[in-house]
Amino acid sequence: MKILLEIQVLRSPWSIQTLYRLFHQCRKTFAPLNLSDYEAIGRCEQEVPEYFNFAGDVLDKWSQIEKERKEPSNPALWWINGKGGERKWSFEELGFESRKVANVLSGPCGLQRGDRIIVILPRIPEWWLLNTACMRTGVVFIPGTTQLTAKDICYRLLASKAKCIVTIDELAPAVDSVASKCQFLKTKLIVSESRRAEWLNFSDLFKAASAVHNCVKTRSQDPMTIYFTSGTTGFPKMVEHSYGSFGLGFFICGRYWMNLTPSDIVWNMSDTGWIKAAIGNVFGPWFQGTCVFVHAMPQFDPKVILNSRICAFLSSDISNTLKHCLSGGEPVNPEVMEQWKSQTGLNIYEAYGQTEVGMICGNMKGMKIKPGSLGKAAPPYDVQIIDEKGSVLPPGKEGDIAIKIDAKRPFTFFTRYVDDPVKTASTIRGNFYITGDRGSMDEDGYIWFMGRSDDVIISSGYRIGPFEVESALIEHPAVVESAVVSSPDPIRGEVVKAFVVLSPSLKTQDLKKLACELQDHVKKVTAPYKYPRKIEFVEQLPKTITGKIRRSELRNKEWGQI
Ligand SMILES: Nc1ncnc2c1ncn2[C@@H]1O[C@H](COP(=O)(O)OP(=O)(O)OP(=O)(O)O)[C@@H](O)[C@H]1O
């Protein structure tokens, strides 16, 4: 079964008294940070400032607060490698080191404000230093996952016109194999103990660099970062975000969805290449002065997580350690939610969002959770369900999940799809931004996900969302996971087909009998017209490198469109 939990907030090891003292101290020290202003901006109740830079305006303020505090603070970054290696950075140390890296970028790497850099690094501290150094220099940060192949890297280098790439030993040969085709690439920087021909060495340059650097003054609309989407439905798109949309845009998320304070420790398990790393590893926690815990595990491994030093350090019992659990990016089936709750005693606070617009809706701390729903619209968004003409649909009606745009785009929106004005414009229908997902809203304002617009199945006139059928299937003990798509049918036009991964202990069963059993099971737990008329058992499902199921690939196969 796919583990959906991505971000956890862990209870601090400090005593209640210390937390209480810190809380009052922080209340006093919040003033210079203007947290209430940031909150008002985040809710679109106050104008976005003309100039904003997360490194200069937030990180450097926390560093100042740290200095003024008499008691030790939580570190800004706490990193372990799982092999006994451990390091902790205060906000001040982070500032010092990231200024050195800023000088590496603008010195030996020859990068100027507005230039683009691709950073393909695992969960190592250099990723955080480079991210911050880019803000300090105005260089546009483009992260990529270490699972990228030479072909993926080539696509990203060409599409982004990046002048510099940073990676590790394992990926350097892949970069070298495509570098000659990438005419914009000027500098290759390797994070490694050894030297490599034609590559600058990060540690050498870092040691030699000065720590004196003045953070550039950036306008809130200036481009700060480009994220490639997951590529679930086609080639990944280049989503450009600004200092305002990313830097300021995640305040509400960190405060109300992640429920963070300066005394918390957050552990975000998503890959450094995805927007969830920006939310959970940088902007969400650091806006609140929260410690980011990083375990450098190369791949998501639940056993490593449960045995991790942080769990052992804080408590031997995970259910006593965790305070708040979060998930986003893919739907959480009610069954998974129930199992998580029975093991940990905690709910999973799910959020729904996109690389383009960040968090669209979610379950904020304190809200009643309706398992299977995406929660309610997240400030500053007014989320509505609309029809094809752009009219708002009443509660319970299925339609397009959309965000209301009044006179101007919310500042939290992406600036554009780089080099694709047509695609950028295509996201707007009347007064709405179209997410490309289908769902409904109930009387209480909770939004229910049906599936991506392209994934909805229309069988004999019935509209069926894959999520509901998959949620029903996973309740059966034989099912580990499933993907539901449309399949051609001479009478009904299309029917529901489920690709099912079975639990290893049940693979030897009579599969025909099991298929009938699963069909009966779905008919019992959801409206019978949704049951999968076709079932195929498979060893695994096709997924993007973010772990999202590529239903489009299965659907195309069904319809002979490969
Ligand atoms: N909590 C959630 N429940 C269901 N689906 C979700 C949730 N969070 C995100 N998603 C899905 O992920 C999409 C956003 O993901 P992302 O920005 O990574 O790009 P992608 O749509 O997967 O990739 P591409 O646009 O390249 O096909 C949403 O539009 C939605 O379909």
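Whatever order the structure lists ligands and atoms in, that order sets their numbers, starting from 1.
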- prompt: Would you call Arg551 and Asp454 a salt bridge, using N to O less than 4.0 angstrom?
  reply: no
field: Lys/Arg-Asp/Glu bridge criterion (N-O < 4.0 Å) met for Glu494, Arg555
entry: no
field: Min N/O separation Gly328 to ligand 1 under 3.5 Å
entry: no
- request: Report yes or no: does Ala351 have a heavy atom closer than 4.0 Å to ligand 1?
  value: yes
message: Against ligand 1, does Gly353 come closer than 4.0 Å with any heavy atom?
response: yes
query: Does Arg409 make a cation-pi contact with Phe414, if we ask for NZ or CZ under 6.0 Å from the ring centre and within 45° of the axis?
result: yes
- request: Taking the six-membered ring of Phe228 (Phe, Tyr or Trp), confirm whether the NZ or CZ of Arg156 is under 6.0 Å from its centre and within 45° of its axis.
  value: yes
field: Within reach of ligand 1, part of Tyr352 (heavy-atom separation under 4.0 Å)
entry: both
task: For ligand 1, note which part of Asp437 has a heavy atom under 4.0 Å away: side chain, backbone, both or neither.
output: side chain
- prompt: Can you check whether Val522 reaches Lys524 side chain to side chain, under 4.5 Å on heavy atoms?
  reply: no
Determine, using ring centers only, whether [Y] and [X] are less than 6.0 Å apart.
X      : Y      : value
Phe250 : Phe287 : no
Tyr529 : Tyr462 : yes
Phe54  : Tyr243 : no
Phe251 : Tyr256 : no
Tyr349 : His324 : yes

query: Which option out of Glu356, Lys548, Gln354 puts a heavy atom nearest to atom 12 (O) of ligand 1?
result: Lys548
Provide, to 0.1 Å, the distance between [atom] and the closest protein heavy atom, together with that atom's residue and name.
atom                    : value
atom 26 (O) of ligand 1 : Thr229 OG1, 2.5 Å
atom 18 (O) of ligand 1 : Ser230 OG, 2.6 Å
atom 21 (O) of ligand 1 : Arg452 NH1, 2.8 Å
atom 5 (N) of ligand 1  : Phe449 CZ, 3.5 Å
atom 27 (O) of ligand 1 : Thr233 OG1, 2.4 Å
atom 11 (C) of ligand 1 : Gly329 O, 3.6 Å
atom 22 (O) of ligand 1 : Thr232 OG1, 2.4 Å

Show me which atoms of ligand 1 lie under 4.0 Å from any heavy atom of [X].
X      : value
Leu374 : 1 (N), 2 (C), 3 (N)
Glu350 : 1 (N), 2 (C), 3 (N)
Thr355 : 16 (P), 17 (O), 18 (O)
Lys237 : 24 (P), 25 (O)

message: For the backbone of Val48 and the side chain of Ser220, can you confirm whether one donor and one acceptor N or O come within less than 3.5 Å of each other?
response: no
